[in-house]
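Remarks on the structure that follows.
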There are 2 protein chains.
Amino acid sequence: MKKGKRTTIYDIAAKLGITASSVSRALNNSNQVNEKTRELIMKTADELNYKRNILASNLRKGHSKTIGVVVPRINQNFFANVIAGIEEATYQKGYNLIICQSGELHDKEIQCVNTLINQDVDCIVISVSADGNDYQHLQNVIDHGIQLIQFDRVAEELETLKVINDNEQASYEAVSHLIESGYKRIGLLEGPQNLSIFKQRKVGYLRALKAYNIDVIDELIVENAWTKELGAEGTRKLLTLPQPPDAIFASTSDFSALGVLEVANAMKIKVPAELGICGYANEGFSEITSPSITTIDQFSIYMGQTVANLYFQEKGNTDTVTKPKIISIKPELIIRGSTAKNGKS
Amino acid sequence: MKKGKRTTIYDIAAKLGITASSVSRALNNSNQVNEKTRELIMKTADELNYKRNILASNLRKGHSKTIGVVVPRINQNFFANVIAGIEEATYQKGYNLIICQSGELHDKEIQCVNTLINQDVDCIVISVSADGNDYQHLQNVIDHGIQLIQFDRVAEELETLKVINDNEQASYEAVSHLIESGYKRIGLLEGPQNLSIFKQRKVGYLRALKAYNIDVIDELIVENAWTKELGAEGTRKLLTLPQPPDAIFASTSDFSALGVLEVANAMKIKVPAELGICGYANEGFSEITSPSITTIDQFSIYMGQTVANLYFQEKGNTDTVTKPKIISIKPELIIRGSTAKNGKS
DNA sequence: TTTGAAATTGCAATCGATTGCGTAATTTTT
DNA sequence: AAAAATTACGCAATCGATTGCAATTTCAAA
């Protein structure tokens with residue numbers, strides 16, 4: 001085979017003295033073609049090393065069998081796992097994935113989405129970036145008749161399909177666990193409140209305090225502490241307070257929880273005896289710190305699969321208007337050493 | 001805009017009473033179109049919310065501006081980083097990425113590659129799976145005139161573009177470091193030898209021993225210990241030997257190094273005083289274990305960028321035959337607590 | 001042997017954008 | 001103002017596969 005020369009259905013047809021129509025039909029398992037000629041076609045296709053040109057096929061059929069995914073960062077555990085889950089579920093159905101990363105930049109996110117619309121993807125799956133809260137570009141996706149599925153970080157005001165975690169409940173359970181373990185002054189490291197996930201986690205925190213009749217102390221709540229560094233910084237602030245907290249819920253991530261742990265270590269504050277720590281996301285490392293970090297597992301791979309299956313399910317749906325649907329996955333609290341105040345873990 | 005109805009260049013042309021040719025030319029910044037009409041076209045395109053149908057465009061142009069990536073697992077730090085690097089570099093050039101994971105399964109790898117050929121990708125970037133060493137499917141890529149770039153885990157016998165780490169040298173330096181730190185009996189956890197990367201790391205290990213006049217002791221070399229569990233298993237075997245090693249080079253990954261560390265801890269063997277440990281890959285967690293693990297950084301994001309740039313560079317190359325080219329990135333030894341035998345780290 | 005129904009195959013348009021070639025319109029030159 | 005040289009635009013084919021409709025063939029029933 002010559003470089004750059006693909007064999008087409010016409011080549012096959014010519015060789016067999018028939019029409020491309022029949023070749024196409026044979027290749028598509030249409031029952032409108034004689035069994036004998038089908039076999040002949042298949043054999044020849046194989047001999048000529050024929051590979052269908054999907055571009056042409058999709059152009060004709062009006063779909064691309066491609067799903068676009070936009071995430072802040074591909075190389076972040078949670079997102080990598082979700083993508084892995086999506087890939088697994090979509091690959092089986094012959095769909096391809098186009099991956100873009102927004103890098104937490106709203107502008108690049110818009111660019112990515114437009115690129116995907118151009119690519120004629122059948123569906124766009126997105127977890128929005130942290131900055132910006134104007135969602136015209138997402139509305140645009142819908143207007144183009146492309147299925148839109150949001151996951152994890154979602155724009156709540158947009159009525160689309162969504163797959164989320166029950167952040168509030170998970171957060172509530174985490175804080176409840178801290179309280180029941182005997183911690184009394186619980187600090188909160190919170191994330192950017194324009195992201196609903198962080199807002200919900202804060203609500204869960206507040207609800208837990210209320211449930212246990214604990215007053216909310218504003219100075220124990222640190223804004224925007226969603227990286228390891230910011231987490232460490234917030235922790236330093238908290239632990240040098242006249243009345244420092246005896247537990248910190250790093251609601252943004254295990255990374256910030258790690259920052260807490262390192263500061264505590266540096267300040268010779270004993271974890272979990274003098275300070276309880278709870279993170280979020282069950283990153284691989286949370287299990288191997290010492291002490292290991294209590295955290296919340298989000299079932300990220302499963303989340304990806306759920307997104308994919310939701311798409312296929314809705315695709316089969318012939319209703320003209322897809323009604324918004326929200327699937328909520330309940331995360332699981334993983335109790336580890338960092339909150340074993342009384343030796344129980 | 002109606003759902004499912006995209007505006008085409010014909011719509012624009014009709015509205016303006018001109019031909020699609022001019023619209024196309026205007027949209028492609030051809031200089032064969034009057035400035036006035038171009039502006040008119042642009043404005044109308046905007047009004048009609050026109051988005052170019054890339055499928056049609058690519059079909060006509062004979063390329064897809066798409067690069068296919070096949071890795072064993074997306075959600076593995078190293079690969080996620082490489083992909084992030086590729087994405088970053090390709091996105092700027094208007095290229096898209098289609099991602100597939102082979103799951104370390106040779107058969108699925110073949111499927112993935114065929115899918116990508118079907119998709120008419122301009123280039124396939126691959127890191128081969130661990131099982132199987134028949135590379136007909138890769139030859140097939142070349143035969144289809146698609147650029148093939150292998151990275152990290154490469155099929156050496158295939159003459160393609162490659163981006164690799166200098167595994168042997170890195171391994172040599174790691175083992176040299178162990179020796180110079182005072183360790184004398186150095187065990188090796190090796191990976192599947194059908195993967196060249198693991199073979200090279202073994203060669204580096206052997207070369208270092210030779211350089212320092214240390215005899216190779218076969219019973220200190222454990223085959224196929226490339227997960228945390230297998231690493232732990234191998235370590236148990238090594239440490240119960242009549243003459244156990246005083247250092248272990250987990251040449252496969254930090255995961256297996258972690259396995260080593262946990263077994264050592266369980267057996268109350270002090271690291272680094274009684275046992276030195278060196279891993280590979282600089283996973284995020286290697287920094288936060290106690291002690292932290294000495295390891296080798298592979299510059300994974302940079303590797304991804306290098307792959308992408310290599311593609312663009314070769315694309316510009318008009319030679320009919322692309323000669324094989326290998327770019328080797330020198331990894332860096334990161335010395336940490338797990339090898340600080342004499343207190344020096 | 002005819003007739004009718006069913007099974008095959010061919011014809012030609014279509015998906016949307018691009019581009020070589022040719023013609024008309026505009027500008028420049030003399 | 002006519003001739004020459006540009007410039008702008010249209011025509012029609014093309015990329016490769018799919019599909020409705022028509023034409024032909026096959027086969028069985030009458």
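Just so it is clear: chains get the letters A, B, ... in the order the sequence lines come, proteins before strands, and each one is counted from 1.
- Rounded to whole angstrom, the span from the CG atom of B:L27 across to the P atom of C:dT19 amounts to 12 Å.
- Counting distance only, with no hydrogens placed and no angle test, the side-chain atoms of A:S21 and the base atoms of D:dT19 include a donor-acceptor pair under 3.5 Å.
- For A:D120 and C:dC15, the CG to C1' distance is 11 Å, given to the nearest whole Å.
- Rounded to whole Å, atom C1' of D:dT19 lies 7 Å from atom CZ of A:R25.
- Counting to the nearest Å, the P atom of C:dT8 and the CD atom of A:Q32 are 10 Å from each other.
- Residues A:Y10 and A:I18 both approach DNA chain C. Their nearest nucleotides, taken by heavy-atom distance, put A:I18 toward the 5′ side.
- Separation of atoms CD1 (A:I83) and OG1 (A:T90) is listed at 11.0 Å; rounding is to 0.5 Å.
- For A:T37 and C:dT9, the shortest distance from a side-chain N or O to OP1 or OP2 is below 4.0 Å.
- Using modelled atom types, no side-chain atom of B:Q32 and backbone atom of B:R25 make a donor-acceptor pair closer than 3.5 Å.
- Atom CG of B:N29 is separated from atom C1' of C:dA17 by 15 Å (rounded to the nearest Å).
- Residue-level contact check: A:N58 touches neither bases nor backbone, having no heavy atom under 4.0 Å from any strand.
- Rounded to an integer number of Å, the gap from A:E35 CD to C:dT9 C1' is 15 Å.
- Atom CG of B:N34 is separated from atom P of C:dA24 by 19 Å (rounded to the nearest Å).
- Rounded to whole Å, the distance from CG on B:N53 to P on C:dT14 is 17 Å.
- Looking at A:N28 and A:R52, their side chains do bring a donor and an acceptor atom within 3.5 Å of each other.
- Under the 3.5 Å distance criterion, with hydrogens and angles disregarded, no donor-acceptor pair is assigned to the side chains of A:N118 and A:N114.
- Nearest-nucleotide mapping onto DNA chain D: of B:V33 and A:K61, the residue sitting toward the 5' end is B:V33.
- Taking only distance into account, the side chain of B:T19 never meets the base of D:dC11 through a donor-acceptor pair shorter than 3.5 Å.
- For B:S22 and D:dA8, the shortest distance from a side-chain N or O to OP1 or OP2 is not below 4.0 Å.
- In this model, no donor atom of one side chain and acceptor atom of the other lie less than 3.5 Å apart for A:Q111 and A:D107.
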